[in-house]
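This report refers to the structure that appears directly beneath it.
Within every chain, numbering begins at 1; the chains are lettered A, B, ... in the order of the sequence lines, protein sequences first and strands thereafter.
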Amino acid sequence: MDGKEVLLMGWVRDIRDLGGIRFIVLQDRLGRIQITVPESDVDEKTLAKSGSLHRQDCIAVRGTVRKMEKAPRGVEIVPKEIRILGIAKQPLPLDVTGKTPAEIDVRLDARVLDLRSDKGQAIFKIRHTVLEATRSFLSRKGFLEVNTPKIIASATEGGAALFPIVYFEREAFLAQSPQLYKEELIIDFEKVFEIGPAYRAEKSHTRRHITEFISIDIEEAFATADDVMKVAEELMYHVCKTVHEKCGEELRVLGHKVDLPRLPLKRLTYSEVIEELQKKDVKIEWGEDIPTAAFRTLGKIHPYFYFITDWPTRLKPFYIKPRDDDPEISEGFDLMWSWIEIASGGTRVHKKEVLIKRLKEQGLHPESFKYHLQAFDYGMPPHAGWAIGLERLVMMLTGIKNIREVVLFPRDRFRLTP
RNA sequence: GCCCUGGUAGUAUAGUCCGGCCUAGUAUAGGCGGCUGUCGCCCGCCCGACCCGGGUUCAAAUCCCGGCCAGGGCGCCA
């Protein structure tokens, strides 16, 4: 490449002006290169242009590649022409090089600039890799990718609060989950998956909650909880392995390591968890939900992936199947990572009369599930599935402690912009 | 919904407990000047801030009250 003329486009990351010589660090999506401007070796117009640049200006540089041991990558570009394509208003709201830190709130307000940082670039390359690995894994397993409506007619599912929206002259809601649709679709396609947004109008204010997140959902016909747990753990292994192999540089930037899980993952029953917590002086009555503090304790005992199975039926939604030998216990499970729940799923109820009974037990009205129940009239097979929170998985893979950092433009209780 | 913490230049911080020494310090960014091998370049000069409103006091960034905003936690989270 030495002596070759090249045309580069990118953003000015840093300028070091030594008087007779000026160094401009140019950054694009692939990396950085040093533009060296020696006073004695560059025409006047280009020299003047190089002197008028600011950090984060978008520029095009036509110049000559020069082999140079003293340059950061062993090569540098001596410009023949510099064109300013877009200027950056000074002073910038934050320091993209990360030398002067900025708080999360400041960073999110200037998100497009913030994302130019090494950390931002690394996080979203890893996120892309997770999505790519997930799609190829599930496709290879025979799952069909589907998209279900995010605008829904009624708030029938219970549980988490939905966001109401104005839909012409009616009220509608943003979907909190593709649960009902994906179950219906297995009577046509047997194995489906969806990667799409889910909305929760919860007033949670923590580092692991947002109101709009991406849910990775699967549903599989002729399958049980055990079958889909295998799919989940194999997917976790595949994703960790892919990120480990493809994102070495990104992980280095983040100072994070991804360990490959050993399969099969630990499977603890709800009762075993209660017992383990008892030993740590955390008392939970059988049938009670496990509070956050208890999960934190549990996460110390089990620092990586594990399943919690055999949850009390009353703690699970209506579509989770109670066990045939003990209806107090369900075939629902959660996939945990340390103290954080990253997935939940289970065998589903596939008999219409049982489903109607379960709906009533949970105080819901079967008549508002008319279209969902209709699917059970046309040969509903036994089935199972799960949903993984993409962002929580990405947090685990990047070591990022705040979920909003792994979302481009996060939405939470208080943030609706940018 | 509840609880805790905080709001000082573009950014990040010191000062707040215990009012006066604050004409508000420092770093970085920005502007100007100098410097031909930097890579967190260096050196000099300059610009730039006490969230808002009320109160206490001779005196408020500092204490009190209200508001707004933010961070975190709990609850909630099919």
Side-chain angles (χ1 to χ4, degrees), chain A residues 13-25 32-42 47 51 54-56 66 68-74 76 78 88-110 113-114 152 155-162 173 175-183 198-211 213 215 217 289-296 315-320 332 334 340-341 344-346 348 358-359 362 364 369 372 385-387 389 392 401-402 404 412-415:
Chain A
R13 185 179 170 91
D14 207 2
I15 301 164
R16 283 184 289 277
D17 191 342
L18 274 65
I21 191 166
R22 184 176 288 141
F23 301 100
I24 295 153
V25 181
R32 299 207 261 278
I33 188 77
Q34 178 169 287
I35 312 294
T36 303
V37 192
E39 195 179 49
S40 56
D41 221 5
V42 166
L47 186 67
H54 312 95
R55 285 181 164 198
Q56 301 306 326
R66 186 159 79 176
M68 174 58 69
E69 289 207 2
K70 285 181 276 187
R73 291 168 59 187
E76 59 189 16
V78 180
K89 201 172 137 197
Q90 304 293 328
L92 298 166
L94 52 84
D95 175 16
V96 176
T97 67
K99 277 176 282 186
T100 304
E103 283 181 9
I104 184 85
D105 190 46
V106 171
R107 293 177 43 209
L108 292 175
D109 280 343
L113 184 64
D114 177 54
I152 57 172
T156 45
E157 211 181 311
L162 282 88
F173 299 89
Q176 61 178 194
S177 153
Q179 183 62 34
L180 306 184
Y181 288 107
K182 68 176 179 173
E183 282 194 63
Y199 302 90
R200 306 277 164 94
E202 301 296 340
K203 291 182 175 174
S204 310
H205 195 220
T206 80
R207 288 180 299 181
R208 60 191 188 284
H209 289 93
I210 37 177
T211 50
F213 64 95
S215 179
D217 272 86
D289 216 337
I290 300 173
T292 306
F295 272 124
R296 286 183 196 267
L315 294 181
K316 287 289 169 188
F318 69 87
Y319 48 78
I320 292 289
D334 283 353
I340 294 178
E341 175 197 332
S344 73
R348 317 303 191 186
R358 292 276 296 137
L359 278 168
Q362 304 225 351
L364 298 165
F369 290 82
H372 182 57
W386 45 248
R392 290 190 177 176
K401 299 279 190 288
N402 190 323
R404 282 169 286 185
D412 62 35
R413 168 129 185 243
F414 302 106
R415 181 176 285 277

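A gap of 12 Å separates the P atoms of B:G19 and B:U62, to the nearest Å. Separation of the C1' atoms belonging to B:C52 and B:U13 is 23 Å when rounded to the nearest angstrom. The separation of B:A24 from B:C65, taken at their C1' atoms, amounts to 26 Å, rounded to a whole angstrom. The separation of B:C4 from B:C64, taken at their P atoms, amounts to 15 Å, rounded to a whole angstrom. Between B:G40 and B:U28, the two P atoms lie 14 Å apart (nearest whole Å). A distance of about 31 Å separates the P atoms of B:G31 and B:C22, rounded to the whole Å. Here, B:G66 and B:A9 have their C1' atoms 27 Å apart, quoted to the whole Å. Comparing B:A49 with B:G15, their C1' atoms are spaced 13 Å from each other, to the whole Å.
In this structure, A:Y181 has its ring center at least 6.0 angstrom away from the ring center of A:H372. Here the two rings, on A:F369 and A:Y319, have centers that are 6.0 Å apart or farther.
Remark: C1' of B:C77 and CD1 of A:I340 are 13 Å apart, rounded to the nearest angstrom. We find that CD1 of A:I210 is positioned 18 Å from P of B:C77, with the value rounded to whole Å. Taking atom CG of A:L162 as the reference point, atom P of B:C76 lies 18 Å away to the nearest angstrom. One can place CH2 of A:W386 at 17 Å from P of B:A78, the figure rounded to the nearest angstrom.
A donor-acceptor distance shorter than 3.5 angstrom exists from the side chain of A:R348 to the backbone of A:G385, with no hydrogens or angles considered.
The partner of B:U38, taking Watson-Crick or G-U wobble pairs whose two distances both stay under 3.5 Å, does not exist in any strand shown. Nucleotide B:C22: unpaired (no Watson-Crick or G-U wobble partner with both distances less than 3.5 Å). Both distances falling under 3.5 Å, in either a Watson-Crick or a G-U wobble arrangement, place B:G44 opposite B:C32. B:C69 is paired with B:G6 under the criterion used here, namely a Watson-Crick or G-U wobble arrangement in which both key atom distances are under 3.5 Å. Using N1 to N3 plus N6-O4 or O6-N4 for Watson-Crick, or N1-O2 and O6-N3 for G-U wobble, each under 3.5 Å, B:U57 pairs with nothing. Of all nucleotides present, only B:G1 satisfies the Watson-Crick or G-U wobble test against B:C74, with each distance under 3.5 Å.
Nearer to the 5' terminus of RNA chain B, by closest-nucleotide assignment, is the contact made by A:P93 (compared with the other of A:Q362 and A:P93). Both A:P101 and A:R392 lie near RNA chain B, and the one whose nearest nucleotide falls closer to the 5' end is A:P101.
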From CA spacing to verdict: side-chain contact (heavy atoms from CB on, under 4.5 Å), A:R55, A:D95
CA-CA 10 Å; A:R55 285 181 164 198; A:D95 175 16; 3.4 Å; yes
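Considering all non-hydrogen atoms of both residues, A:F318 and A:L364 come closest at CD2-CD1, 3.6 Å. When all heavy atoms of A:S204 and A:H209 are compared, the closest pair comes out as CB-CG, 3.5 Å.
Between A:L47 and A:R22, the closest side-chain pair of non-hydrogen atoms falls below 4.5 Å.
There is a side-chain donor-acceptor pair under 3.5 Å between A:Q34 and A:T36.
Note that the OH atom of A:Y199 and the CZ atom of A:F213 stand 10.5 Å from one another [nearest 0.5 Å]. How far CD of A:Q176 is from CD of A:Q179: 10.0 Å, rounded to the nearest 0.5 Å.
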A correct 5'-to-3' footprint of nucleotides 68-75 of chain B, with B, S and - meaning base, sugar-phosphate only and no protein heavy atom under 4.0 Å, is --SBBBBB
Indicate for each nucleotide in nucleotides 29-43 of chain B, in 5' to 3' sequence, whether protein heavy atoms under 4.0 Å reach the base (B), only the sugar-phosphate (S), or nothing (-).
SSS---BBBBBBB--
